Amino acid sequence: MLWGMLGAIAPDLDLFYYYTIDVYKTPHHTYLTHFPIFWLILILISIVWLRLSNSQSPAFAFIFALNGLIHLILDTLTGNVFWLAPFLSTPFSFVSLDLEYNSWKLNYFTHWAFIFELFIIWWAIFLRLKRN
Ligand SMILES: [Zn+2]
């Protein structure tokens, strides 16, 4: 559970770099941690490690990397993900990113994808409370 949750948030750790060092210059979805190939390579490495090892560590690595990839699938619901990077820099999104308002916050919070994100959080809380 811990490694899955860490993997699910790991791609967005690049926001620290985005806010502090890059200072909003480059969209964080163009960083390596938001390239699907990065997570696919980690998944492949963990599978090879799983085959060669008798310990639980490669399974944790696999769960971590798999959830990093799931993060990108969910990011594609709400924004651009460069699925073919670094080979092609064509962004892909499941939603139209046409902006209705001048404020990104208004665009984000009034979009149906935000309600979908809230649903995922509510569902997780529901499942957690149901377990107790
Ligand atoms: Zn992300």
Side-chain angles (χ1 to χ4, degrees):
M1 181 69 86
L2 173 69
W3 288 105
M5 290 172 65
L6 288 174
I9 63 166
D12 277 346
L13 294 179
D14 62 10
L15 286 169
F16 292 114
Y17 178 83
Y18 175 72
Y19 289 122
T20 57
I21 296 169
D22 198 30
V23 193
Y24 310 97
K25 287 181 193 152
T26 314
H28 80 109
H29 280 195
T30 61
Y31 297 161
L32 178 66
T33 53
H34 273 85
F35 288 178
I37 196 166
F38 174 78
W39 296 100
L40 287 169
I41 289 171
L42 288 183
I43 288 170
L44 287 176
I45 290 170
S46 66
I47 288 171
V48 170
W49 187 17
L50 199 56
R51 286 290 195 187
L52 300 175
S53 173
N54 291 328
S55 75
Q56 281 189 320
S57 298
F60 297 148
F62 176 78
I63 291 167
F64 177 85
L66 182 65
N67 279 281
L69 188 64
I70 290 171
H71 175 110
L72 299 188
I73 293 168
L74 293 173
D75 268 357
T76 309
L77 285 173
T78 59
N80 284 324
V81 173
F82 297 83
W83 279 91
L84 300 176
F87 308 108
L88 287 175
S89 58
T90 307
F92 182 78
S93 177
F94 290 126
V95 296
S96 165
L97 298 176
D98 295 335
L99 304 178
E100 291 184 39
Y101 307 103
N102 287 333
S103 159
W104 75 264
K105 290 175 189 168
L106 266 178
N107 284 310
Y108 185 77
F109 292 119
T110 59
H111 199 277
W112 67 265
F114 177 70
I115 303 299
F116 180 73
E117 286 189 38
L118 284 179
F119 173 74
I120 292 171
I121 295 168
W122 290 329
W123 187 31
I125 291 170
F126 170 75
L127 291 176
R128 179 69 179 107
L129 293 176
K130 189 178 155 192
R131 252 181 65 191
N132 290 339

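Note that this is a predicted model, so its numbers are computed, not measured. Every number for a ligand or one of its atoms is a count from 1 in the order of the listing.
- Rounding to the nearest 10°, we obtain 90° for the angle at the Zn ion (ligand 1) between His71 NE2 and Asp75 OD2.
- A distance-only check finds no donor-acceptor pair linking the side chain of Trp83 to the backbone of Ile73 [under 3.5 Å].
- Taking 2.8 Å as the criterion, His28 does not count as a coordinating residue of the Zn ion (ligand 1), since none of its N, O or S atoms falls below it.
- Dense packing is recorded around CZ of Phe109, with more than 12 heavy atoms of other residues, nucleotides or ligands lying under 6.0 Å away.
- Distance alone, capped at 3.5 Å, is enough to place a donor-acceptor pair between the His71 side chain and the Ala8 backbone.
- For the Zn ion (ligand 1), the N/O/S atoms of Asp14 include none lying under 2.8 Å.
- With Ser93 contributing its side chain and Gly79 its backbone, the two residues share a donor-acceptor pair below 3.5 Å.
- The N, O or S atom of Asp12 with the smallest distance to the Zn ion (ligand 1) is OD1.
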